[in-house]
**Q** 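Take this structure first; my questions come after.
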Amino acid sequence: MGPFISTFIYFIIAILVVLAGLAVFETLTRKYRDWEEIENGNAAVALSVSGKIIGICIVLSFAIYHSVSIWETVVWGVYGVVLQVVAYLVFEVLTRKFSVEVKLKENNTAVGIVSLAVSIGLAFVIGASIT
């Protein structure tokens, strides 16, 4: 029965960490609200949010593989969210010709796809570094 309980605990932790991560990202975007944009059919924002969810889950999966306790997984998960936030901010800074946030608000799907790729790609790097 132990593995079933552990799986359920990790499942709950993943949901909580993803929700916390999304809440942090929501506070970073000042020009729009993620879920309002998604409700209104903004595919660019949906892609960006999807990348964040997948990215956080990738980091959590590596954390589960390499951690010796549930609490260590939580710490790595939170650290992964912090690094994902840093990645988002660096992405915004490196795109000097335009604002990622503004382009996502304008439903620029290309920017949404790149945002998704940045989140997922860096999640693999973050996850692989967990030891």
**Q** I need the W35 CH2 to N40 CG distance, nearest 0.5 Å.
**A** 13.0 Å
**Q** Atom OH of residue position Y79 - does it have more than 12 heavy atoms of other residues, nucleotides or ligands inside 6.0 Å?
**A** no
**Q** Any salt bridge (Lys or Arg N to Asp or Glu O under 4.0 Å) involving residues 21-32? Give me the pairs, sequence neighbours left out, ordered by first then second residue.
**A** E26-R33
**Q** Can you tell me how far the OG1 atom of T27 sits from the CG atom of L22, to the nearest 0.5 Å?
**A** 11.0 Å
**Q** Rounded to the nearest 0.5 Å, what separation is found between the CD atom of E37 and the CG atom of N107?
**A** 8.0 Å
**Q** E101: which residues meet the side chain to side chain donor-acceptor pair (under 3.5 Å) condition with it, sequence neighbours left out?
**A** none
**Q** On a heavy-atom basis, which atom in S119 and which in Q84 lie closest, and how many Å separate them?
**A** O-NE2, 3.1 Å
**Q** Return the set of residues passing side chain to side chain donor-acceptor pair (under 3.5 Å) with S115 (not counting sequence neighbours), or none when no residue passes.
**A** S48
**Q** Any chain of hydrophobic side-chain contacts (each under 4.5 Å) joining L116 to F25?
**A** no
**Q** Give me the atom names and distance for the closest heavy-atom approach of A123 to V59.
**A** O-CG2, 3.8 Å
**Q** Looking at K103 and V111, what are the two nearest heavy atoms and their distance?
**A** CB-CG2, 3.7 Å
**Q** Over all heavy atoms of both residues, which pair between T73 and S67 is shortest? Give the atoms and the distance, please.
**A** OG1-CB, 3.3 Å
**Q** Hydrophobic clustering (ILVMFWY, side-chain heavy atoms < 4.5 Å, transitive) - are V17 and I130 grouped together?
**A** no
**Q** By the rule that ILVMFWY residues connect when side-chain heavy atoms come within less than 4.5 angstrom, directly or transitively, which residues belong alongside Y65?
**A** none
**Q** To the nearest 0.5 Å, what is the distance between CD1 (I56) and CG (L83)?
**A** 11.5 Å
**Q** With D34, which residues qualify under side chain to side chain donor-acceptor pair (under 3.5 Å), at least two apart?
**A** none
**Q** What's the shortest heavy-atom distance between W76 and A63, and which atoms?
**A** CB-CB, 3.6 Å
**Q** Do Y10 and L60 come close enough that some side-chain heavy atom pair is under 4.5 Å?
**A** no
**Q** Hydrophobic cluster membership, with links at side-chain heavy-atom distances under 4.5 Å among I/L/V/M/F/W/Y: are I58 and V114 in one?
**A** no
**Q** I54 and F91: same hydrophobic cluster, using ILVMFWY side-chain contacts below 4.5 Å?
**A** no
**Q** Using every non-hydrogen atom in the two residues, find where V45 and L104 come nearest and quote the distance to one decimal.
**A** CG2-O, 3.5 Å
**Q** Got a second to check how far F8's CZ is from I13's CD1, nearest 0.5 Å?
**A** 11.0 Å
**Q** For E72, give me all partners under side chain to side chain donor-acceptor pair (under 3.5 Å), at least two apart in sequence or on another chain.
**A** none
**Q** Rounded to the nearest 0.5 Å, what's the gap from SG on C57 to CD1 on I120? Could you check?
**A** 10.5 Å
**Q** Please tell me whether L19 and V24 are part of a single hydrophobic cluster in this structure, the criterion being side-chain heavy atoms less than 4.5 Å apart.
**A** no
